[in-house]
Enquirer: 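Please read through the structure below; I'll follow up with questions.
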Amino acid sequence: MSVSIKSPRQIELMREAGRLLALVHKELHSALKPGMSTWDIDRLGETMIRDFGCIPNFKNYNGYPASICVSVNDEVVHGIPSKKHLIREGDIVSLDCGLIYQGMHSDAARTWGIGTVSADAQRLMNVTRQSFFEGIKLAKEGNHLYEISAAIQDYVEAHGYSVVRDLVGHGIGTHLHEDPQIPNFRQRGRGIRLQAGMTLAIEPMVNAGRYDVEWLDDDWTVVTEDGSLSAHYENTILVTKEGCEILTLLPEEEQ
């Protein structure tokens, strides 16, 4: 496994790729409302990405047909946008997307409630988001990769939820998916030692019920096997000597 260390110039470009993607997510969140289709969400997101002079890196990636993965309620990830799929009051909607800016990639995901959602749904979204921040407390030079994984799982399970095992985070940079793979659950070893200049996409996927998932007939959409709700939260981060820098959050979103 070869994990790339990014140059100062590459880091500068990834910061801008991340900033632009954060703006896309902000606009998509503002636009979400009952009655709009998941296809509408995809169209809005792709238009924004292209208006920024960037390329949507999900579109046609391994055959995926859209720019924004839109996953609703029990859909974990990779939901394919459709004109027929309308989001409704009380739904939770996960948006996962990325872009390429001058050859460098960014990737981030958010889960939002539509209108008024149940207390259980809101708690699931809150825990999923916070599990990311618990994980990245360990993301600094000298620590080991799987310390992040263990911290995410420990936080999620302490709140009564489960972490998806079939899908993981990843390195990112000149390609959307690079080494290393980053599980959101404990591993036997400690994993590689982190170095400043590594860029990683950390992305907890958390189910309200069991962690088991299955793929629908479209070969993309992943759903919870037991029909429980699922939430997803992801950012692209830069490992530094002191800790990490989140590249896909706007200043007002940071903790």
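This is a predicted model, so every value here is computed, not measured.
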Enquirer: Any heavy-atom pair between the side chains of Leu32 and Ile41 that's under 4.5 Å?
Expert: yes
Enquirer: Yes or no on side-chain contact (heavy atoms from CB on, under 4.5 Å) for Tyr211 and Glu225, after CA distance, side-chain angles and deciding distance?
Expert: CA-CA 8 Å; Tyr211 62 70; Glu225 195 176 85; over 6 Å; no
Enquirer: Describe, in one word, how the ring planes of His177 and His170 are oriented to each other, choosing from parallel (under 30°), tilted (30 to 60°) and perpendicular (over 60°).
Expert: perpendicular
Enquirer: Between Trp39 and Arg43, is there a cation-pi geometry (under 6.0 Å to ring centre, at most 45° from the normal)?
Expert: yes
Enquirer: Heavy atoms only: give me the nearest His159-Tyr155 pair and the separation to one decimal.
Expert: ND1-O, 2.8 Å
Enquirer: For Glu252, what residues pass the side chain to side chain donor-acceptor pair (under 3.5 Å) criterion, not counting sequence neighbours?
Expert: Lys26
Enquirer: Distance-only, no hydrogens or angles: does the Asp74 side chain make a donor-acceptor pair with backbone N or O of Val223 under 3.5 Å?
Expert: no
Enquirer: Looking at Lys140, Arg15, Arg19, Lys6, which one forms a salt bridge (charged side-chain N to carboxylate O under 4.0 Å, His left out) with Glu245?
Expert: Arg15
Enquirer: So which heavy atom on Ala196 is nearest to which on Ile5, and how close?
Expert: O-CG2, 3.5 Å
Enquirer: Going by heavy atoms in the side chains, are Leu23 and Phe52 under 4.5 Å from each other?
Expert: yes
Enquirer: Judged by atom type as modelled, is there a donor-acceptor pair below 3.5 Å linking the side chain of Asp218 to the main-chain atoms of Thr221?
Expert: yes
Enquirer: Quick check for you: to the nearest 0.5 Å, what is the distance between Cys54 atom SG and Leu21 atom CG?
Expert: 9.0 Å
Enquirer: Is there a path of hydrophobic side-chain contacts, each under 4.5 Å between heavy atoms of I, L, V, M, F, W or Y residues, that connects Tyr61 with Val76?
Expert: no
Enquirer: Would you say Glu89 and Thr116 make side-chain contact, with heavy atoms under 4.5 Å?
Expert: yes
Enquirer: With rounding to the nearest 0.5 angstrom, report the OG1 to CD distance, Thr199 to Gln10.
Expert: 8.0 Å
Enquirer: Asp107 side chain to Leu176 main-chain N or O, any donor-acceptor pair under 3.5 Å?
Expert: no
Enquirer: Would you say that Ile148 contacts Leu194 through its side chain, given a criterion of any heavy-atom pair below 4.5 Å between the two side chains?
Expert: yes
Enquirer: Can you classify the ring geometry of His78 versus Trp220 as parallel (below 30°), tilted (30 to 60°) or perpendicular (above 60°)?
Expert: perpendicular
Enquirer: With the 4.5 Å side-chain cut-off for hydrophobic clustering, are Ile114 and Met125 part of the same group?
Expert: no
Enquirer: Does the pair Arg165/Asp212 count as a salt bridge with the N-to-O cut at 4.0 Å?
Expert: no
Enquirer: Is any side-chain heavy atom of Ile192 less than 4.5 Å from a side-chain heavy atom of Met198?
Expert: yes
Enquirer: Look up atom CG in Asn73 and atom CG in Asp91, then write down how far apart they are to the nearest 0.5 Å.
Expert: 4.0 Å
Enquirer: Please indicate whether Gln181 has more than 12 foreign heavy atoms, meaning atoms of other residues, nucleotides or ligands, lying under 6.0 Å from its CD.
Expert: no
Enquirer: Spell out, as yes or no, whether a donor-acceptor pair under 3.5 Å connects the side chain of Thr111 to the backbone of Val93.
Expert: no
Enquirer: Using every non-hydrogen atom in the two residues, find where Trp215 and Leu167 come nearest and quote the distance to one decimal.
Expert: CZ2-CD2, 4.2 Å
Enquirer: Using atom types as modelled and distance alone, determine if a side-chain donor or acceptor of Thr38 lies under 3.5 Å from a backbone N or O of Ser82.
Expert: yes
Enquirer: With the 4.5 Å side-chain cut-off for hydrophobic clustering, are Phe133 and Phe185 part of the same group?
Expert: yes
Enquirer: What verdict does the side-chain contact (heavy atoms from CB on, under 4.5 Å) test give for Gln187 and His144, after you've listed the backbone C-alpha separation in whole Å, the side-chain angles of each residue and the deciding distance to 0.1 Å?
Expert: CA-CA 11 Å; Gln187 303 295 296; His144 288 82; over 6 Å; no
Enquirer: Minimum heavy-atom separation for Pro81 to Val70, with atom names?
Expert: CG-CG2, 4.0 Å
Enquirer: Tell me whether Val239 is reachable from Ile202 by hopping between hydrophobic residues (I, L, V, M, F, W, Y) whose side-chain heavy atoms are closer than 4.5 Å.
Expert: yes
Enquirer: Walk me through whether Ile11 and Met14 qualify under side-chain contact (heavy atoms from CB on, under 4.5 Å).
Expert: CA-CA 5 Å; Ile11 290 169; Met14 288 189 73; 5.6 Å; no
Enquirer: Is any side-chain heavy atom of Met48 less than 4.5 Å from a side-chain heavy atom of Glu46?
Expert: no
Enquirer: For Arg110 and Asp96: C-alpha separation, side-chain torsions, deciding distance, then whether salt bridge (Lys or Arg N to Asp or Glu O under 4.0 Å) applies.
Expert: CA-CA 7 Å; Arg110 307 280 186 266; Asp96 187 5; over 6 Å; no
Enquirer: Nearest 0.5 angstrom please: His105 NE2 to Ile100 CD1, how far?
Expert: 4.0 Å
Enquirer: Can you tell me if Asp120 and Ser118 form a side-chain donor-acceptor pair at under 3.5 Å?
Expert: no
Enquirer: Hey, are the side chains of Val24 and Ile49 touching, using non-hydrogen atoms and a 4.5 Å cut-off?
Expert: yes
Enquirer: Going by heavy atoms in the side chains, are Leu20 and Tyr101 under 4.5 Å from each other?
Expert: yes
Enquirer: Inspect the contact between Glu147 and Arg190 and indicate whether a charged nitrogen and a carboxylate oxygen are less than 4.0 angstrom apart.
Expert: no
Enquirer: Ignoring hydrogens, what is the shortest heavy-atom contact between Pro183 and Ser149? Give both atom names and the distance.
Expert: O-OG, 2.6 Å
Enquirer: Please confirm whether the backbone N or O of Ala201 pairs with a side-chain atom of Thr236, one donor and one acceptor, at under 3.5 Å?
Expert: no
Enquirer: Just by distance, do the side chain of Asn184 and the backbone of Glu203 share a donor-acceptor pair under 3.5 Å?
Expert: yes
Enquirer: Say whether Arg188 and Tyr146, considering side chains only, have a donor N or O and an acceptor N or O under 3.5 Å apart.
Expert: no
Enquirer: When rounded to the nearest 0.5 angstrom, what distance separates CD1 in Ile172 from CG in Leu247?
Expert: 9.0 Å
Enquirer: Rounded to the nearest 0.5 Å, what separates atom NZ in Lys83 from atom CG in Asp40?
Expert: 9.0 Å
Enquirer: Sub-3.5 Å donor-acceptor pair from the side chain of Asn207 to the main-chain atoms of Ser162, do we have one?
Expert: no
Enquirer: Would Gln130 and Asn126 count as having a side-chain donor-acceptor pair, cut-off 3.5 Å?
Expert: no
Enquirer: Say whether, by atom type as modelled, one donor and one acceptor occur between the side chain of Ser106 and the main chain of Ala17 under 3.5 angstrom.
Expert: yes
Enquirer: Regarding Thr248 and Asn235, is there a side-chain donor-to-acceptor distance under 3.5 Å anywhere?
Expert: yes
Enquirer: Mark yes or no for whether Glu134, through its side chain, and Ser131, through its backbone, hold a donor-acceptor pair below 3.5 Å.
Expert: no
Enquirer: Take Ile68 and Phe58, measure what side-chain contact (heavy atoms from CB on, under 4.5 Å) needs, and give me the verdict at the end.
Expert: CA-CA 7 Å; Ile68 316 292; Phe58 283 23; over 6 Å; no
Enquirer: Side-chain heavy atoms nearer than 4.5 Å, only ILVMFWY residues, links allowed to pass through others: does that put Leu229 and Val163 together?
Expert: yes
Enquirer: How far apart are the closest heavy atoms of Leu86 and Gly35, and which atoms are they?
Expert: CD2-O, 3.6 Å
Enquirer: Would you indicate whether His175, at its atom NE2, is surrounded by more than 12 heavy atoms from other residues, nucleotides or ligands within a distance under 6.0 Å?
Expert: no
Enquirer: Say whether Ser94 and Ser71, considering side chains only, have a donor N or O and an acceptor N or O under 3.5 Å apart.
Expert: no
